[in-house]
Amino acid sequence: MKVLIQRALNACVVVDGETIGAIDHGQLVLVGIEKGDTEADTQRLADKLLKYRMFGDAEGKMNLNVQQVGGGVLLVSQFTLAAETKKGLRPGFSTAAIPEEGERLFNDFVNKVRAQYSKVETGRFGADMKVSFTNDGPVTFMLD
């Protein structure tokens, strides 16, 4: 499981012309589920995501997490994070979870994040989503 987190001034997801998820200041989180991922992985990364210190304190040091700054969390499934890219010029996706398992684990991850924090929005699994955001910093981290 890979979770790409980006500190955002704002972020939104649009499907078929309708905004289905949006946040102001917070985290845009792209989630890639791989074969072999489990509920233990979703729990570990949900805990880490919410505690990850990527926001500036009074001195500008990254000492605060999203909950401490009252930011929103926008969770978006993105199977392309599981792509194999070392060989050739076309990505391979044999390491990505099959769609049914990916959706189940993505929903499990969403539920675990929501159980710990109320300011959570999502995209729509498997949809053609248009994601836009303003990266603050830029600040981006890969958690796995």
Any chance you could lay out the side-chain contact (heavy atoms from CB on, under 4.5 Å) test for Val110 and Val31, step after step, and finish with the verdict? CA-CA 10 Å; Val110 169; Val31 182; over 6 Å; no

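- Taking the side-chain contact (heavy atoms from CB on, under 4.5 Å) definition, one finds that Asp41 meets it with Met1, Asp37, Thr38, Arg44, sequence neighbours left out.
- Checked by atom type and distance alone, the side chain of Asn135 pairs as donor or acceptor with a backbone atom of Val139 at under 3.5 Å.
- Between the side chain of Thr95 and the backbone N or O of Ala82 there is at least one donor-acceptor pair closer than 3.5 Å.
- As a member of the Ile/Leu/Val/Met/Phe/Trp/Tyr network built from side-chain separations under 4.5 Å, Ile23 groups with Leu4, Val13, Val15, Ile20, Leu28, Leu30, Leu74, Val76, Leu81, Met129, Val131, Phe133, Met142.
- A heavy-atom distance below 4.5 Å is not found between the side chains of Leu89 and Lys87.
- In this structure, the side chains of Met54 and Asp136 stay at 4.5 Å or more apart for every pair of heavy atoms.
- In terms of heavy-atom proximity, Asp108 sits nearest to Lys112 at OD2-NZ, 2.8 Å.
- How far CG of Asn111 is from CZ of Phe106: 10.0 Å, rounded to the nearest 0.5 Å.
- Distance check, rounded to the nearest 0.5 Å: CD of Gln67 to NZ of Lys119 gives 10.5 Å.
- The distance from atom OG of Ser77 to atom CG of Leu105, rounded to the nearest 0.5 Å, is 12.0 Å.
- Hydrophobic cluster of Phe79: the remaining members, joined at side-chain heavy-atom separations below 4.5 Å, are Phe93, listed by chain and number.
- Residues in residues 96-106 take part in these side chain to side chain donor-acceptor pair (under 3.5 Å) pairs, two or more places apart or across chains: Glu39-Arg104, Glu101-Arg104.
- Taking Phe55 as the reference, His25 meet the ring-ring contact (aromatic ring centres under 6.0 Å, His included) condition, with sequence neighbours excluded.
- To the nearest 0.5 Å, atom CD of residue Gln43 and atom CG of residue Leu45 are 10.0 Å apart.
- Hydrophobic clustering (ILVMFWY, side-chain heavy atoms < 4.5 Å, transitive): Val69 and Leu9 are in distinct clusters.
- Remark: Met62 CE to Arg7 CZ distance equals 5.0 Å, nearest 0.5 Å.
- If you take CD1 on Ile5 and CG on Leu49, they are separated by 6.0 Å, rounding to the nearest 0.5 Å.
- The side chain to side chain donor-acceptor pair (under 3.5 Å) pairs that include a residue from residues 54-63 are Asp57-Asn63, where partners are two or more places apart or lie in different chains.
- For the residue pair Gln116 and Asp47, a side-chain donor N or O sits within less than 3.5 Å of a side-chain acceptor on the partner.
- Lys51 contributes no side-chain N or O that, together with a main-chain N or O of Asn65, makes up a donor-acceptor pair within less than 3.5 Å.
- Residues Ala46 and Val113 approach most closely at CB-CG2, 3.7 Å, considering heavy atoms.
- Val120 and Val14 fall into different hydrophobic clusters, defined by Ile, Leu, Val, Met, Phe, Trp and Tyr side-chain heavy atoms under 4.5 Å apart, directly or through other members.
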